[in-house]
Participant: 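First, the structure itself, so that you have it in front of you.
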Amino acid sequence: MKIGNYTKVPYRRSLSLQPRTFKLFSSKEPVLITKHKRTTGNERVFSILIPTWNNLAYLQNCISAIRKNSSYRHQLIIHVNEGKDGTLDWIEQQPDIDYTYSRENVGICFALNAGRELVSTSYMVYLNDDMYVCPRWDEYLFDEIKKVGHPYFFLSSTAIEPAPGNPCTIFHDYGRDIASFREDDLLREYAALEKGDWQGSTWPPNVVHTSIWDLVGGYSIEFSPGFYSDPDFSMKLWQAGVRLFKGVSKSRAYHFVSKSTHRLPRRKQYYTFLAKWGITSSTLTSHYLRRGQPFDEELSEAAIPAAVRLKNLLKRWISK
């Protein structure tokens, strides 16, 4: 179906062979989130959503980088989980930041969905609080968006990380915590680090059109506090017809890696994903999104090898 100058792909049914059930994350108390909209203006480009959980030093570093390394003005929306380390007091003193707040840690999914209610731009960026965006990060993303020409896309910046092993990132150690962070070295060298555009945008920093976020219903709370919520969101985008999942090499951010999630117990969201979609998350990332492979073109329909289909079938049977 043609809409304007792009083609909308019809919604596709879930890949599960039969209806599945999964156990929802359940908070002990009602999820209570307050919302505080303090900024105005129509000239901003992105709405940047950053959930944080008692991580003030990293959050300050993250926001400082956005303020000094962005080419455009943006709306900042922070979700404060607990904030007992001084985060809430500090945020309240920043008049250029909108925020949501929960007395308890409600996790990524509730936080991002609550932040959506404050969004005032056409593009939503999800950023971790332990990330430091490099100069012109937003300019390169926005240039890519303008080239696409329609809202059915999911783009990521390219992360620079101090540990190897992720095919989507650049391995280079500029510090593993704030105390050892070598900001000057990063700013001098980041643009020269070799990495091309890549397939399979899933992780932050990422950007999606606000209308597409709404179309798929944001982040799914059954993955609370957040494990496997990123591939689930990508699968929902795939179901809605998105086929452009692109990692933009020039747009870069340093990532200290899991400064909040390591404090959380691992739940069984792996099986939640399997039950919901009928495939493992690795099947999605490897065979649908081709995550980490060099970018060549928009993705086509996935060809799943027979052995992988059998593996998914067995895992579904075992997980019952």
Side-chain angles (χ1 to χ4, degrees), residues 9 12 14-15 108-109 112 124-128 130-131 137 140-141 144-145 148 152-172 193-209 212-213 216 219-220 223 226-255 257-258 261 266 269-274 276-305 307-309 311-312 315:
V9 181
R12 291 167 174 77
S14 169
L15 303 178
I108 299 270
C109 305
L112 292 175
M124 295 174 59
V125 170
Y126 166 31
L127 191 66
N128 288 337
D130 63 341
M131 288 178 162
W137 70 280
Y140 292 124
L141 284 179
E144 195 70 34
I145 289 171
V148 173
Y152 282 75
F153 62 82
F154 194 38
L155 304 178
S156 281
S157 299
T158 297
I160 303 167
E161 295 184 346
N166 187 336
C168 302
T169 66
I170 299 169
F171 167 47
H172 205 100
L193 299 175
E194 292 187 8
K195 178 71 176 177
D197 293 340
W198 45 276
Q199 291 279 19
S201 172
T202 301
W203 293 309
N206 55 47
V207 59
V208 65
H209 198 282
I212 303 302
W213 170 283
V216 303
Y219 269 55
S220 300
F223 293 93
F227 298 117
Y228 289 88
S229 60
D230 292 327
D232 174 74
F233 186 70
S234 292
M235 178 54 102
K236 294 203 297 183
L237 294 177
W238 182 277
Q239 293 288 312
V242 174
R243 293 296 180 270
L244 181 58
F245 293 80
K246 184 176 182 179
V248 180
S249 173
K250 287 185 176 180
S251 176
R252 298 186 172 182
Y254 191 70
H255 186 204
V257 185
S258 300
T261 56
R266 294 281 173 174
Q269 279 89 348
Y270 172 90
Y271 295 103
T272 303
F273 187 97
L274 178 64
K276 181 176 181 178
W277 297 112
I279 60 173
T280 64
S281 62
S282 63
T283 301
L284 168 69
T285 56
S286 298
H287 298 283
Y288 286 78
L289 304 183
R290 294 167 47 206
R291 190 169 69 190
Q293 296 183 24
F295 181 84
D296 46 12
E297 59 184 357
E298 290 192 18
L299 297 166
S300 56
E301 296 304 311
I304 310 300
V308 175
R309 294 199 301 271
K311 182 192 76 170
N312 284 309
K315 283 183 175 289

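Being a predicted model, the structure only gives us computed values, none of them experimental. In this chain, residues are counted from 1 in sequence order.
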Participant: Output the distance between atom CD (Q293) and atom CG (D197), rounded to the nearest 0.5 Å.
Facilitator: 14.0 Å
Participant: Show, in sequence, the C-alpha distance, side-chain angles and deciding distance for L284 and F273, and conclude whether the side-chain contact (heavy atoms from CB on, under 4.5 Å) test is met.
Facilitator: CA-CA 10 Å; L284 168 69; F273 187 97; 3.9 Å; yes
Participant: Between W277 and K236, does a side-chain contact (heavy atoms from CB on, under 4.5 Å) hold up when you go through it step by step?
Facilitator: CA-CA 10 Å; W277 297 112; K236 294 203 297 183; 3.7 Å; yes
Participant: Roughly how far apart are F153 CZ and E144 CD, rounded to 0.5 Å?
Facilitator: 10.0 Å
Participant: To the closest 0.5 Å, what do you measure between OG (S282) and OH (Y270)?
Facilitator: 6.0 Å
Participant: Which heavy-atom pair separates W137 from S157 by the least distance, and what is that distance?
Facilitator: CE3-OG, 4.3 Å
Participant: R309 side chain to I304 main-chain N or O, any donor-acceptor pair under 3.5 Å?
Facilitator: yes
Participant: After noting the C-alpha distance and the side-chain angles of L299 and Q199, does the key distance pass the side-chain contact (heavy atoms from CB on, under 4.5 Å) rule?
Facilitator: CA-CA 8 Å; L299 297 166; Q199 291 279 19; 3.6 Å; yes
Participant: Between K311 and T280, is any pair of side-chain heavy atoms under 4.5 Å apart?
Facilitator: yes
Participant: I'd like to know if the side chain of E194 and the backbone of I170 have a donor-acceptor N/O pair within less than 3.5 Å.
Facilitator: no
Participant: Are any non-hydrogen side-chain atoms of Y152 and L237 less than 4.5 angstrom apart?
Facilitator: no
Participant: Grab the two heavy atoms, one from Y140 and one from K250, that are nearest each other, plus how far apart they are.
Facilitator: CD1-O, 3.3 Å
Participant: Measure the shortest side-chain to side-chain distance between P204 and D230 over non-hydrogen atoms and say whether it is less than 4.5 angstrom.
Facilitator: yes
Participant: Before you tell me yes or no, could you show the steps for R291 and F245 under side-chain contact (heavy atoms from CB on, under 4.5 Å), namely the whole-Å CA-CA distance, both residues' side-chain angles and the distance that decides it to 0.1 Å?
Facilitator: CA-CA 9 Å; R291 190 169 69 190; F245 293 80; over 6 Å; no
Participant: Between W213 and Y219 (judged by ring centroids, cut-off 6.0 Å), do the two rings come close enough to count as a pair?
Facilitator: yes
Participant: Might you point out which heavy atoms bring N312 and G278 nearest each other, and give the distance in Å?
Facilitator: CB-O, 4.0 Å
Participant: Please determine if E301 and R243 form a salt bridge, counting it only when a charged side-chain N lies under 4.0 Å from a carboxylate O.
Facilitator: yes
Participant: Relative to the ring of Y288, is the ring of W238 parallel (under 30°), tilted (30 to 60°) or perpendicular (over 60°)?
Facilitator: perpendicular
Participant: Evaluate the side-chain proximity of R290 to D296: yes if any heavy-atom separation is below 4.5 Å, no if none is.
Facilitator: yes
Participant: For the CE atom of M131 and the OH atom of Y254, what is their distance to the nearest 0.5 Å?
Facilitator: 11.5 Å
Participant: Taking all non-hydrogen atoms of both residues, which atom of K315 and which atom of L274 are closest, and how far apart?
Facilitator: O-CD2, 3.4 Å
Participant: Answer yes or no: is there a side-chain heavy-atom contact under 4.5 Å between K246 and V148?
Facilitator: no
Participant: So, do L193 and R252 sit near enough that their side-chain heavy atoms are less than 4.5 Å apart?
Facilitator: yes
Participant: Given Y126 and F233, is the ring-ring contact (aromatic ring centres under 6.0 Å, His included) satisfied, shown in steps?
Facilitator: CA-CA 12 Å; Y126 166 31; F233 186 70; 8.9 Å; no
Participant: Whether the side chain of S251 engages the backbone of V248 through a donor-acceptor N/O pair (distance < 3.5 Å, no angle test) should be reported.
Facilitator: no
Participant: Please report the shortest heavy-atom distance between H287 and A302, naming the atom on each side.
Facilitator: O-CB, 3.3 Å
Participant: Measure the shortest side-chain to side-chain distance between W203 and T169 over non-hydrogen atoms and say whether it is less than 4.5 angstrom.
Facilitator: no
Participant: From D232 CG over to F223 CZ, what is the distance, rounded to the nearest 0.5 angstrom?
Facilitator: 4.0 Å
Participant: Minimum heavy-atom separation for P231 and T202, please, with both atom names.
Facilitator: N-CG2, 3.8 Å
Participant: What's the spacing between C168 SG and W198 CH2 if we round to 0.5 Å?
Facilitator: 4.5 Å
Participant: Report yes if the side chains of H255 and D130 come closer than 4.5 Å at any heavy-atom pair, otherwise no.
Facilitator: yes
